[in-house]
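Remarks on the structure that follows.
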Amino acid sequence: MADHRRQFRAIKGTRDILPPDSALWNWFEQTARDLFESYNFRDIRTPAFEDTNLFARSVGEETDIVHKEMYSIGDSLSSNLSFARWMLSKSHETSVRTHDIQPFWKSVDSFLRACDEAFASEEIGRKGDDDVQCFEKIKAIRSEAGNDPENTEDAAREILSLANTIGLHGLMSLRPEATASVARAYIENGMQTLPGNVKLYYIGPMFRRERPQKGRYRQFYQIGAEVLGQSDAPAIDAEVLEMLVVFFKRVGLTRTTLYVNSIGCKECRPKYVEVLREKLREVKDQLGPDSQRRIDTNPLRVLDSKLPEEQAIIAKLPRISDHLCAECREHFAKLKEELNMRGIAYEENWRLVRGLDYYTRTTFEVTAEGLGSQNAVCGGGRYDGLVELLGGPPTKGIGFAIGSDRAILSIQEGGTLPHLSGLAVFVAWMGQAAYPTAVHITRKLREAGLAVELPAEEMKFKKSLGLADKLGARYALIIGEDEVAAGTFTLKRLADSEQKKLSEYELLEYLESERRGRG
RNA sequence: GUGAGCGUAGCUCAGCUGGUAGAGCAUCGGUCUGUGGCACCGAGGGUCGCGGGUUCAAUCCCCGUCGCUCACCCCA
C-alpha cells in the first residue's frame, strides 16, 4: 500500500529536469559543443568520482572544504576515525569561542587513540605512509604545545589540518568541479606531448554538499573549457574570453557582464596579500565580524564583502594592480589590448579575487540578471601552478566553468528563448484497414528524421486531432478509408488548417524540405 | 552551521472569532463515428506535510518535527 508519508522524493539539492525544459538544456549544451569545437576545443570525459586527495590537494588541504563540502565514500579507515575527526573540529570551534583550549586537547587525545586503533586494525595494510607521518607530527605538536602555551592557537590549527589529511587514502569523492580531473587526465595520459596547446571542454554534473538556494544545487551542471600547455600568452586568455562571450550571446543571454582582473603570480601576490592584511588590521574595528575573521583566514575575500557599511572602507584598500610585478602587469595590459582588439566588452574589477594558491594572473567572472544573490554564471582564470601541484610537468593553464543551472535560469527569466521544434507529425489514422498504412508511413517518416507520434489504439477522429493539437504537432497526417482506397495521404497543417492530398513520395519530399527549412 | 518565510488536488491558489474542504488550470469522459483550438455538461483526484496539545469540535490556535524556498556563512 502506498504510504503518502514515505513517498520517495529527490534528495535535497537535487531535482528533475523535465520536458520541455530538458530540450532547452540539450540545446544549451549543444550550442556550447558546436561553438567550442569551432574554436578547436575537444570533448573530454573524466570520471564523476576521483581520489579524494586529488580534490583535496588542488583545493588546498588546510581548508575544511574537503570534509564539509564534498561527497566522499569508501573510507578505508574506521568510521571511528571520521567521528573523532569531526569531534576534533567541533571542539576546536568551541575552544576558539570560549578561549578554553583544554577540551580541544582532550579531543586531540581521543583522535590519536582512534588513529592508533585504526592503524592497528585489519585495514592497516591500506594506511599510507603519509598517515603515519601526520600521526607522529600531531603527537609531537601536542606534547610540545603543552610546554609553550603561547603558541597553542597555531598548534591547534596545524593539528586540525594534519588530522584532515589522515585517512584519505582509498577515499573517493564525487567531483566538486572538473578542473582538477582534467589536469589529472592531462598528466596521466602524457598530454604534454601533444602538439600545440591542449584545448579541452567538458559538460556534466558536479556535486557539492552546500545548502541549496536560488540557482544553487548539490548536483549541478557545468560546462567548462581548459587550455593546457607551455604557453601563457595573453592571446590564449583573450581567445577563451572571446569564446565565452560569444557563447553567452549565442544562447541569448544578453544582460551579462564580464569582469576581469589580474591577481598576480606567486612572486607578487603574497606581497600584496601582506600589504592588504596590514592595512586591514589598521581598519579592523570598522569591519564586521565576518570580515574581521577573514583578515587572518583569507584577506582577499574581504574585498568580496557585500555589507554596505564596509564599502567605503574597502574602496580605500590597496589594490593589487598597484602591486603586480613587471611581468604580471605586462601580461594584464596585453590581455586588455587583446580584448579591445576583439571588441569584447568587459569591466575591470580589482575586487575579483580567487583564494587558492595555484591561481595566477587572469581571473574573470560573468554575472547575469534575475538570479538573486547567486548571480555568477561563469567563473574562471589562469592556474599556472596546478598541474605541477598535482605532480605533473610545469604547465600553464587557463579555464572556466559555466554554471548551467543558473545560466539557464537566467535565460528563462528574461533571455530570449529559442524556438525548439517538437513533434512534427501526428498520425491520425482511423479504421483497422488504415492501420498497416499508418505503421508503414510512420516508420518512413521517422527514418527521414522527423518526430512522429502514432496512436497505439484507434481513436475517434475528433479526439485524434484534438490530441495532435495538445501534443503540439505541426502536422496531422490523416489516414482513413478514403486515403487507403486512393493510395494517398492527407496532410493537415495544424497552424492554419491548410490541407492537401499527397502521394507517399510527395509527402516525404514535402516534410523533408520543411524540416530542412527549420534547420 | 545560522536566520526568515511558506507547506490545502498534478499546477496556481481560496477557505470568514475554530463547525472534518473549494475554485481556476490540467487530466479523463460526454455533447461529437472524417476535421483540432471554442463552448457547455460530467467524472476522477485530498487522512489540509507529519506528530502531539488546547477544545464538544482544529486546515485554522499552541508546541514539536519534517520538507520546500530565500538569505547569511562558504563558494574550488
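None of these values were measured; they are calculated from a predicted model. Residue numbers begin at 1 in each chain, while the letters A, B, ... track the order of the sequences. Both backbone and side-chain heavy atoms feed into the values below; hydrogens, waters and symmetry mates do not.
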(Q) If you only use heavy atoms from C-beta on, which nucleotide in B:A76, B:U2, B:U35 is closest to the side chain of A:Arg211? (A) B:U2
Q: Using Watson-Crick or G-U wobble geometry with both distances below 3.5 Å, tell me the partner of B:C48, or none.
A: none
Mind listing the N/O atom pairs, protein and nucleotides 25-30 of chain B, below 3.5 Å?
from  : atom 1 : to       : atom 2 : distance (Å)
B:G30 : OP1    : A:Lys460 : NZ     : 3.1

Q. According to a strict under-4.0 Å criterion, is A:Gln213 in side-chain N/O contact with OP1 or OP2 of B:C72?
A. yes
(Q) Can you tell me which nucleotide in B:A76, B:C74, B:G34 comes closest to the side chain of A:Tyr358? (A) B:A76
Q) Between A:Arg208 and B:C75, is there a side-chain N or O to OP1/OP2 distance below 4.0 Å? A) no
(Q) With a 4.0 Å limit, can you tell me whether A:Ser373 has a side-chain N or O closer than that to the phosphate oxygens OP1/OP2 of B:A71? (A) yes
Q.
When you measure from the side-chain N and O atoms of A:Arg218 to the phosphate of B:C75, is any distance below 4.0 Å, counting only OP1 and OP2?
A. no
Q. Has A:Arg216 got a side-chain N or O lying under 4.0 Å from the OP1 or OP2 atom of B:A71?
A. no
Q. If you check the A:Lys214 side chain, which of B:A76, B:A71, B:G34 turns out closest?
A. B:A71
Q | Partner residues of A:Tyr201 under the ring pair (Phe, Tyr, Trp, His ring centres under 6.0 Å) criterion, sequence neighbours left out | A | A:Phe36
Q: Select one nucleotide: of B:C72, B:A76, B:G34, the one nearest the side-chain heavy atoms of A:Asp482.
A: B:G34
Q. According to a strict under-4.0 Å criterion, is A:Arg209 in side-chain N/O contact with OP1 or OP2 of B:C75?
A. no
Q: Go ahead and name the base partner of B:C38; Watson-Crick or wobble counts if both distances stay under 3.5 Å, otherwise write none.
A: none
Q.
Measuring from the side chain of A:Gln499 (C-beta onward, heavy atoms only), which nucleotide among B:U35, B:G34, B:C75 has the closest atom?
A. B:U35
